[in-house]
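Here is the structure we will look at.
All chains are named by letter (A, B, ...) in the order of the sequence lines, taking the proteins before the strands, and each is independently numbered beginning at 1. From a predicted model like this one, the values you see are computed outputs, not experimental measurements.
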Amino acid sequence: MDYEFHWNIVFQNMPELLNGAFVTLHVSVLAMLLGVVIAILLAIAKMNNSKPFCYVATVWVEIARNTPALFQIYMAYFGLGAFGIHLSPYVAVLSALVFINAGYLTETFRGGFQSIPTTQYSASKSLGMTSIQAYRYIILPQMLRRIYHPMTNQFVWSILMSSLGILVGMSELSGTTQRLQSLSFRTLEFFIVAAVMYFIITKLVLFSSSLLARRLFKGEI
Amino acid sequence: MISVQNVHKSFGDLEVLKGVSLDVEKGEVVSIIGGSGSGKSTLLYCINAIEPINSGKILVDGVDVHAKETNKDKLRQKLGMVFQQWNSFPHMTVLENAALAPRIVKKMSKEEAIEIAKKELEHVGLGDKLDVYPTKMSGGQQQRLAIARALAMKPDYMLLDEVTSALDPELVGEVLDTLRLLAEEGMTMICVTHEMGFARDVSDRVAYFHQGVIAEIGEARQVITDPQNPLTQKFLSKVR
């Protein structure tokens, strides 16, 4: 093996890589937040008996969970583009990730909700609580404990999937890495560093989420 | 006073209460016995307005429980309820379980709620378990917690739905002792139970439910030891 590593060029471009990493984190956090909000609505719609809402939610979930993420991003960028709706790479990737996150999290929320016995609700009501109090203090806190880890996994997944942004020319960590390596031909060095940065980002997310869990759930999780 | 007047209740096509009437005076302990599916537990759920009724009337201190204008959440503060499957809140400590409702429903200060919760937990013998999570306790302890949690709301009535049925045999005694204590203190209780000894010794009256009606009701000792209705006789001969 006579490959010679040249790390200097990578370190010279560190500010740009860090900037890409920030965009990666940015788009994933936003995709997660929006995904959670939509997933709550979809989960309610799916558990609801009103047909049209339930239908929309089911179609959403089925498409999101059974087609490749790459396909979703292409649809958002090139597909909508064909209809004259031109999204920036950032918005295209963000919408695709929100779409998928919402699809997966809907099922997570629905499962979490249905795993809380209805007797917990009766017991709360029997103590004189209003429905809102029963959900606020009894049902939702228990549900949150159960779905916390699946939610964290979804977050990590969407950080890693945002690397597909490379395919539509988004300047997140992978896109930036791709551009810099093609300018310098130090492919291996740049991608090794990018991989390490992804690793650090996801580990940081997992670490802070377990810290948060400890605060929220008092070491119960 | 709780007054149940000719109550009918159906689940779909199945009529589980077929005209039940029962008056329970303040300070009285009434036990309800009967086979499974006879409507015993359903009656408690109807008194607490957790289940709606089809016809008839239930009055608690003169308030029509099922009337549209009745604030059911407010009414339930008077009616403590304990379930067969204790239903402790698993994400809260024993103390938090008991202090939550006084705090958020009665809007007591945190100190007041904790004080009242502690008192009721000591009352049922859980004074040393305040910071324990219920899932770490035995069924009997969890059931006593459920009793304390209901008592912390200072209810006027206690509705007990087969509170010992789901317990291991060796844990039944501690829960029944707690209920005995409450009865001695003058708490008004309606107990759906399969413990005939408890029904005989602790309650003032016993009602025997058969297929959605009260087949026999009378003084506790008399109904358990010398039932008049052949149906009651048959039931008691089977459970003994």
List the atom of [X], the atom of [Y], and the distance in Å for their closest heavy-atom pair.
| X | Y | value |
| --- | --- | --- |
| B:Arg149 | A:Ala123 | NH2-CB, 3.8 Å |
| A:Gln133 | B:Ile104 | NE2-O, 3.0 Å |
| B:Pro90 | A:Gln142 | CG-OE1, 3.2 Å |

Please determine whether the number of non-hydrogen atoms from other residues, nucleotides or ligands lying under 6.0 Å from atom [atom1] of [X] exceeds 12.
| X | atom1 | result |
| --- | --- | --- |
| B:Phe11 | CZ | yes |
| A:Ile132 | CD1 | no |
| B:Lys118 | NZ | no |
| B:Glu115 | CD | no |
| A:Phe71 | CZ | no |

Among the listed options A:Thr130, A:Thr119, A:Ile138, the residue most often paired with chain B at heavy-atom distances under 4.5 Å | A:Ile138
Within the side chain of B:Gln77, is there an N or O that forms a donor-acceptor pair under 3.5 Å with the backbone of A:Leu127?
-> no
Could you tell me whether the side chain of B:His91 and the main chain of A:Tyr137 form a donor-acceptor pair under 3.5 Å?
-> yes
Side-chain heavy-atom pair B:Asp73, A:Met129 within 4.5 angstrom cut-off = no
Could you look at [X] and say if it's the side chain, the backbone, both or neither that has a heavy atom under 4.5 Å from chain A?
| X | result |
| --- | --- |
| B:Ile50 | side chain |
| B:Phe89 | both |
| B:Leu100 | side chain |
| B:Met153 | side chain |
| B:Asn48 | side chain |

To the nearest 0.5 angstrom, please state how far the CG atom of B:Leu44 sits from the OG atom of A:Ser126.
-> 11.5 Å
Atom OG in A:Ser122, atom OH in B:Tyr45: separation rounded to 0.5 Å?
-> 6.0 Å
